[in-house]
Amino acid sequence: MAKIDKAENELIDQVCTMVHDPLSYVYFAFPWGTGELANEDGPDDWQVEILTAIGNGLITPEEAIQIAVASGHGIGKSALVSWIILWAMSTCEDCKGVVTANTETQLKTKTWAELSKWHRLAINRHWFTMTATSLFSVDPNHSRTWRIDQVPWSEKNTEAFAGLHNKGKRVLLLFDEGSAIPDVIYEVSEGALTDEGTELIWCVFGNPTRNSGRFKECFGKFRHRWVTRQIDSRDSRHTNKEKIQEWIDDYGLDSDFVKVRVRGIFPSLSMRQFISVDDVDKAYGREVRIQEYSFAPKIITCDPAWEGDDELVIGMRQGIKFEIMRVIPKNDNDMQVASIIADIEDTINADAVFIDAGYGTGIYSAGKLLKRINWRLVWFAEKPLRPGCLNKRAEMWKAMRDWLKEGGSIPKDTVLYNDLIGPEMIPRGDGILQLEAKKDMKKRGLPSPGRGDALALSFAYPVHQKGRALTKGRQASGFSNWQNRHVPDAPGGYVEVRA
């Protein structure tokens, strides 16, 4: 027994030297070159980089260590997640952490299954109990305070991510397949990682399937706060190189399919994303000479707030230029909003005003009291004028996408930018274009795209300038081509808003 105690003490002493050295722990803890690892001699090069980055960040932990890895398939992300968990738990008493993934199935059958494998192989596996949902200390006095739990995310129940406080010790937060985890989970987690004098480690891994959301922003506007790596599957020794070459031959090296699944690069267009980042990037702050489009009608739009955290947006488009005129927190004073719109209409001598009918009927009615005859309600769910679209909303967003491709200009507004790239398409067997519902966007952690809808509303119906005649078959100025064509369902062969 004494001999066993001595060996155990030596093991404890050895592991304690690796408090800030996860790479050494990984080399030490697992039986590389034997048994199940007979053909393995240690971590891959990219895994060495990440483990080293964590260790370096712990030397002076003035703020949370935040690491984001976007990669192709099959490089060993789940193995690295497992190593980080076992090192963090083994080298810090009462370490506390949460692991989540894009889906509960991913969490249970892949992430947790991989952790179970590496726990079984670890030299100090007897220090912890592994269950279907937790890894915790075998010491009954520490089983509640020294533990890692798997937690499927839920926007309605974020307490597990908000309660990650462990002052003076270590907190570990791991996201597997982070691209599909909603923004709200990132936001809640970020707010929880604030304990002073605490080792805070937040690692996010995933395939870059979406070109919007917080995972993408780790590599974009928040990259100054994250250590980022984008790993090409061709550079990993664990991947099937023949299959990878098949994908490249079939789809092309620069295809979004290969970018996501092989190169670890965010796609130009996400798998279901409706408007590409490339198109929005080109339109963002694009310089235009508005004098050259003075012939185009001026269209005011109003997208009212749907819920308490939404905003009311008033926009104006003339030809290829769109501007945001006013952004107002949710306002139920319809007469006040109508007066603001009327004032803008008079100031710029607008040719039409389109209002989202969802929550805008009161504003429209107030406009009638103000004798505004150019105002029109737009029902997003109404029948579209253009074939191939499920409803008016899909039709307007399709026209807006065409407009962006054809040279449209939007202001340098990050909220509008994210609104435009946020909505996804809903796959349909009949090929009809259907956009993701706003409530489903909110389930993904995205806000209602009020500023995007304000721009889309300007494409609801063709408009011509006041006093300019519009004859049957003539194209209306300032619209993408499909809207300028003859519309057979409309009285007289066209739709117009005239003074």
Side-chain angles (χ1 to χ4, degrees), residues 155 274-275 299-317 322 324-342 344-345 350 352-370 372-386 389-401 403 413 415-416 418-426 432-463 483 495 497:
E155 298 114 322
F274 183 61
I275 297 178
I299 306 166
I300 292 175
T301 65
C302 176
D303 185 76
W306 284 64
E307 297 178 346
D309 58 345
D310 295 334
E311 55 189 18
L312 181 147
V313 183
I314 301 170
M316 191 279 288
R317 183 175 67 83
F322 175 70
I324 294 174
M325 309 301 287
R326 293 287 296 274
V327 176
I328 306 169
K330 182 171 170 57
N331 189 324
D332 295 323
N333 188 329
D334 294 332
M335 182 56 73
Q336 183 184 50
V337 174
S339 297
I340 293 171
I341 296 173
I344 295 173
E345 180 185 20
V353 175
F354 294 150
I355 302 171
D356 177 8
Y359 282 85
T361 52
I363 298 171
Y364 173 77
S365 296
K368 290 180 69 175
L369 294 175
L370 297 173
R372 298 291 157 165
I373 62 174
N374 283 332
W375 293 19
R376 182 166 184 176
L377 285 173
V378 180
W379 297 90
F380 279 34
E382 72 179 86
K383 181 180 178 181
L385 297 174
R386 186 186 189 206
C389 296
L390 179 69
N391 50 28
K392 175 62 75 174
R393 178 173 179 245
E395 179 184 58
M396 293 187 299
W397 274 74
K398 172 63 169 65
M400 177 172 64
R401 184 178 68 175
W403 175 83
D413 184 297
V415 176
L416 173 61
N418 289 321
D419 280 357
L420 294 177
I421 65 175
E424 296 183 340
M425 294 178 285
I426 304 299
I432 297 295
L433 174 61
Q434 178 180 352
L435 287 184
E436 176 184 27
K438 293 180 181 180
K439 61 179 175 55
D440 292 328
M441 291 182 66
K442 291 204 169 189
K443 287 180 181 178
R444 291 198 289 121
L446 300 180
S448 176
R451 301 188 192 190
D453 281 338
L455 173 53
L457 278 164
S458 70
F459 299 94
Y461 306 104
V463 180
Q483 282 180 305
V495 177
V497 179

Is there side-chain contact between [X] and [Y], with heavy atoms separated by less than 4.5 Å?
X      : Y      : answer
Ile340 : Met325 : no
Lys438 : Pro449 : yes
Leu433 : Phe274 : yes
Asp440 : Glu424 : no
Phe380 : Asn391 : no

For a side-chain contact (heavy atoms from CB on, under 4.5 Å) check, start with the C-alpha distance between Ile314 and Ile300, then their side-chain angles and the critical distance, and finish with the verdict.
CA-CA 7 Å; Ile314 301 170; Ile300 292 175; 4.0 Å; yes

Hey, is the main chain of Ala357 close enough, under 3.5 Å, to the side chain of Thr361 for a donor-acceptor pair?
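Such a contact is absent between Thr361 side chain and Ala357 backbone.
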
I'd like to know whether Asp453 forms a side-chain contact (heavy atoms from CB on, under 4.5 Å) with Val313, so could you lay out the CA-CA distance, the side-chain angles of the two residues, the decisive distance to 0.1 Å, and finally the verdict.
CA-CA 9 Å; Asp453 281 338; Val313 183; over 6 Å; no

Can you measure from [atom1] ([X]) to [atom2] ([Y]) and round to the nearest 0.5 angstrom?
X      : Y      : atom1 : atom2 : value
Met425 : Leu390 : CE    : CG    : 14.0 Å
Arg326 : Ile344 : CZ    : CD1   : 6.5 Å
Ile355 : Leu377 : CD1   : CG    : 6.0 Å
Trp397 : Leu455 : CH2   : CG    : 8.0 Å
Arg376 : Tyr364 : CZ    : OH    : 9.0 Å
Ile341 : Gln336 : CD1   : CD    : 11.0 Å

Identify the two heavy atoms, one from [X] and one from [Y], that lie closest to each other, and give their separation to 0.1 Å.
X      : Y      : result
Arg393 : Met441 : NH2-SD, 4.4 Å
Gly367 : Ala338 : N-CB, 4.0 Å
Thr301 : Ser458 : CG2-N, 3.4 Å
Ala460 : Phe354 : CB-CD1, 4.0 Å
Cys302 : Leu457 : O-CD1, 3.4 Å

Just do the side-chain contact (heavy atoms from CB on, under 4.5 Å) check on Val378 and Lys392 with the steps written out, would you?
CA-CA 8 Å; Val378 180; Lys392 175 62 75 174; 3.9 Å; yes

Arg317 NZ/CZ over Phe459 ring centroid, <6.0 Å and within 45° of normal
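Checked: cation-pi criterion met.
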
Just to verify, which of Asp303, Asp413, Asp419 counts as forming a side-chain hydrogen bond (donor to acceptor under 3.5 Å, both in side chains) with Arg451?
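So the option named by the test is Asp413.
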
Taking it one step at a time, do Val353 and Arg372 satisfy side-chain contact (heavy atoms from CB on, under 4.5 Å)?
CA-CA 9 Å; Val353 175; Arg372 298 291 157 165; over 6 Å; no

